[in-house]
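Read the numbers this way: they start at 1 and go in the same order the structure lists the ligands and their atoms.
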Amino acid sequence: MIAVDISRGYVDAPIEKQIDIEAEIKRMKKEKNAVILAHYYQESAIQEIADFVGDSLALAQWAAKCDADILVVCGVHFMGETAKILCPEKKVLIPDMNAGCSLADSCKADDLASFKAQHPGYKVISYVNTSAAVKAHTDIVVTSTNARQIVESFPADEKLIFGPDRNLGGYINSITGRNMLLWNGACHVHEQFSVEKIAELKKQHPEADVLAHPECKSTILALADKVGSTAALLKHAIKSDKKEFIVATESGILHEMRKNCPNKTFIPAPPADSTCACNECNYMRLNTMKKLYNTLKYELPEVTVDSEIAAKAIVPIERMLEISAKLGL
Ligand code: 13P
Ligand code: SF4
């Protein structure tokens, strides 16, 4: 393998003009026994070329069972870390290492450790949108697909800390009657949706169902017809008799919705500031087809997780996968 510059967090190498990027990605996948896992928030071309597209739970489940030599995780860094923790023997690549997550950044491992020390006797439930180091301080990991069921699997009087998403945690408290202590974190994409803009849109489309991810603020969730993970929102759209949907989550999910339901209309909830594309996750969108091509070509950049941290973090991840499998999730 020739030396390449990854000082910017991705392979900074020119691509020959005559190259058919799509065809080359397909060829290299086969040649290297590599699979591409993509989250629903990736750009459409990446979702189309991926071997598997799913929500964060499905990506972890897929990583755990797949037998490729190389996993290319087209998502954000914590998704790559989760795949690496579950498959330490595999090479796990991510097209752009800078693909972080504002929610994961809102909870640092040291801060969580101090918070735990201040609350003896509490169990820690961490959303999968956390670093491996935070997971290492966690009793069980959840995603938005299984959070409710996992919280309910604890005895009603169990003292629980839920982090880092205050909106998801607050929503789970409201539907389960629990009183979990909530970390004060949030996702900058989901927090920016505005009730006024969605209400305006609803006036123009009175028959439309409003679909919202639980990372949205409670005021948005209160006006939603369906609250759920990306996979749950997609499933609802497929099953529903409705013809129109206003979608309050990252707009990448619309690709799969439109593909599965060509006769239905999906309207992205507008960003609060109409001059920005704030309903796109700027981290997710750092991954591009060109970076994916270079990642496969040079097998860089590689996701690594400190082995001591990984040995601790795998415990709450595997607990989550076991419960999810029992629940058929
Ligand atoms: P899902 O678990 O619904 O895929 O969501 C992940 C995420 O990052 C939402 O912002
Ligand atoms: Fe993180 Fe929000 Fe982007 Fe999801 S949409 S990856 S929670 S920053």
Task: Protein residue, atom and distance nearest to atom 1 (Fe) of ligand 2, heavy-atom basis - done: Cys101 SG, 2.4 Å
Task: Check: Tyr283 ring centroid to His188 ring centroid under 6.0 Å - done: yes
- [ ] Indicate if Met320 and Ile314 have the same hydrophobic cluster label, given that clusters are the connected sets of ILVMFWY residues with side-chain heavy-atom separations under 4.5 angstrom.
- [x] yes
TODO: Using ring-ring contact (aromatic ring centres under 6.0 Å, His included) as the criterion, list what pairs up with His119, not counting sequence neighbours.
DONE: Phe115, Tyr122
Task: ligand 2 atoms in contact with His188 (distance to a heavy atom under 4.0 Å) - done: 8 (S)
- [ ] Give the residue, atom name and distance (to 0.1 Å) of the protein heavy atom nearest atom 2 (Fe) of ligand 2.
- [x] Cys187 SG, 2.3 Å
Open item on the list: Between Lys135 (side chain only) and Thr130 (backbone N and O only), is there a donor and an acceptor less than 3.5 Å apart?
Closed with: yes
Open item on the list: Keeping Glu299 on the side-chain end and Leu296 on the backbone end, is there a donor-acceptor pair under 3.5 Å?
Closed with: no
- [ ] For Glu250 and His213, test the side chains for any donor-to-acceptor distance below 3.5 angstrom and give the result as yes or no.
- [x] no
Task: Ligand-residue contact atoms, ligand 2 with Glu215, heavy atoms, under 4.0 Å - done: 7 (S)
Task: Residues in the immediate environment of ligand 1 (any heavy atom closer than 4.0 angstrom) - done: His39, Tyr41, Asp55, Ser56, Asn129, Ser144, His190, His213, Glu215, Ser229, Thr230
Open item on the list: Need the ligand 2 atom indices (1-based, order shown) with element for anything under 4.0 Å from a heavy-atom of Ser102.
Closed with: 8 (S)
- [ ] Look at the side-chain heavy atoms of Ile, Leu, Val, Met, Phe, Trp and Tyr, link any pair under 4.5 Å apart, and say whether Leu233 and Val210 land in one connected group.
- [x] no
Task: atom 3 (Fe) of ligand 2 - nearest protein heavy atom and its distance - done: Cys281 SG, 2.4 Å
Open item on the list: So, applying side-chain hydrogen bond (donor to acceptor under 3.5 Å, both in side chains) with Glu244, which one of Lys264, His205, Gln204 is it?
Closed with: His205
TODO: Identify whether Val128 and Val151 are in the same connected component of the hydrophobic contact network (ILVMFWY, side-chain heavy atoms under 4.5 Å).
DONE: yes
Open item on the list: In this structure, does ligand 2 have an atom that sits under 4.0 Å from one of the heavy atoms of His39?
Closed with: no
